[in-house]
Amino acid sequence: MSTELKVVAARLHRVRMPLVHEFRTSSHRKAFLDHILVELEDASGAIGWGEIASPSDPYYAPETVETCWHIASKYLLPAILDRPWADPADLASTWSKIRGNQFAKAGVDTAAWVLWAEVQQLPLATILGGTRKEVVAGVSLGIEPTIDDLLVQVQHQVESGYPRVKLKITHDWDVEPVRAVRTAYPDLDLHVDANGIYTAGDLARLQQLERFDLTMIEQPFAPRDLLTHAELQRRISTPVCLDESIETLADLETALRLEALRILNIKVSRMGGLTAARAAHDRAWDAGVPVWCGGMHEFGVGRLANVALSSLPGFTLPSDVSASEKYYARDIVEPAVTAVGGVVQVPGGPGLGHQLDTELVAANTVGELTLRPGQE
Ligand code: OSB
Ligand code: MG
């Protein structure tokens, strides 16, 4: 479409929401999240929302909520304010000189996509090229105090209908919990995620996981350690999946060349937005690598962007797009995102397809900033 858009006002809202269940990985622990909602307003008055889903601390990626606020308010938003554009990909190219800062970029890029969809009155999934009407969700379960606590969580999620369960693992929480869950659920689609805690010295330990018929082992080694991922993949038949390692298309190219992965986790946040996430999907599709959409405990805005992305044809594995209620007592979108039998409907309405609960957002806002042209 040739409509020209122009962002005439941009707002950042730092919103704090408690998780219904504390979440622990090999690298961090959290009970509440501060995500930054990005609100872009077009000259026509249309609004697009995006979500910067950075964790508070730099343990998953180098960014924090404060660095995202700084980069968005000082660099990303000033670069796009008052600048005519016709396609969200044009906007992302205005900040091509800004290195890294993928989470901050992702929130602004998503808001631009949603604004574009709103102006065209089309669903976000449709303008991305999505083909599915519904997407299959899995759940990601953190490290629990005991194996019995973990089994309670798995039982709850399996009874809710989720067909795939991912378990967070670390040095003292790998073979035993995986054995316990596999014994209780012999046929469950089960995978593990180490968030990069292991090193080359742990290859033999990771090989012990082979016997549990896992769908994949996600990010066993540090993000930049592609060679050890390739070494593990040569030694095991369980597919290695990369998450933290892949922040750019060039990272994906290198990993494919090294045969360091057989499955790709695509996160909108980690790739720096929907434009790059879709490009990663296209490249993986060409390479014959199945993909799924990872999550960062997004609030409703980021969650619906993940659902839209997951409707692209290459997302053939269950994605971390569980229902809102797994994370939040009340989500910031109305209606909340729901899953029936582990299946989430792709919204058919324009933009994100759900309304923002502006009252809840206002009640949970802990910081706000408005930028207009000339006032940056
Ligand atoms: O590695 O996928 C990860 C949450 C925070 C940081 C890293 C990860 C995760 C998850 C959550 O696994 C997935 C979800 O949103 O349900
Ligand atoms: Mg992961």
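Every number for a ligand or one of its atoms is a count from 1 in the order of the listing. Predicted, not measured: the structure shown is a model, and the values here were computed from it.
A distance limit of 4.0 angstrom between heavy atoms and ligand 1 selects the residues F23, H28, K30, Y60, S140, K166, K168, D193, N195, E218, D243, K267, G295, M296, H297, D320, Y327.
Salt-bridge check for R11 with E41: passed, with a basic side-chain N closer than 4.0 Å to an acidic carboxylate O. Between R234 and E259 there is no salt bridge, since none of the side-chain N atoms of the basic residue sits less than 4.0 Å from a carboxylate O of the acidic one. D320 has a carboxylate O that lies under 4.0 Å from a charged side-chain N of R164, or vice versa, which qualifies the two as a salt bridge. Between E63 and R270 there is no salt bridge, since no side-chain N of the basic residue sits under 4.0 Å from a carboxylate O of the acidic one.
Using a 30° and 60° split on the angle between ring planes, F315 and H281 fall in the parallel class, below 30°. In this structure, W113 and W116 have perpendicular ring planes: the angle between them is above 60°, well past the 30° mark.
Interatomic distance, NZ of K267 versus CH2 of W292, reported as 7.0 Å (0.5 Å rounding).
Pairs engaging residues 135-155 under the salt bridge (Lys or Arg N to Asp or Glu O under 4.0 Å) rule: none recorded [sequence neighbours left out].
Qualifying side chain to side chain donor-acceptor pair (under 3.5 Å) partners for N364, counting only residues two or more places apart in sequence or in other chains: none.
Of all protein N, O or S atoms, those under 2.8 Å from the Mg ion (ligand 2) number 3.
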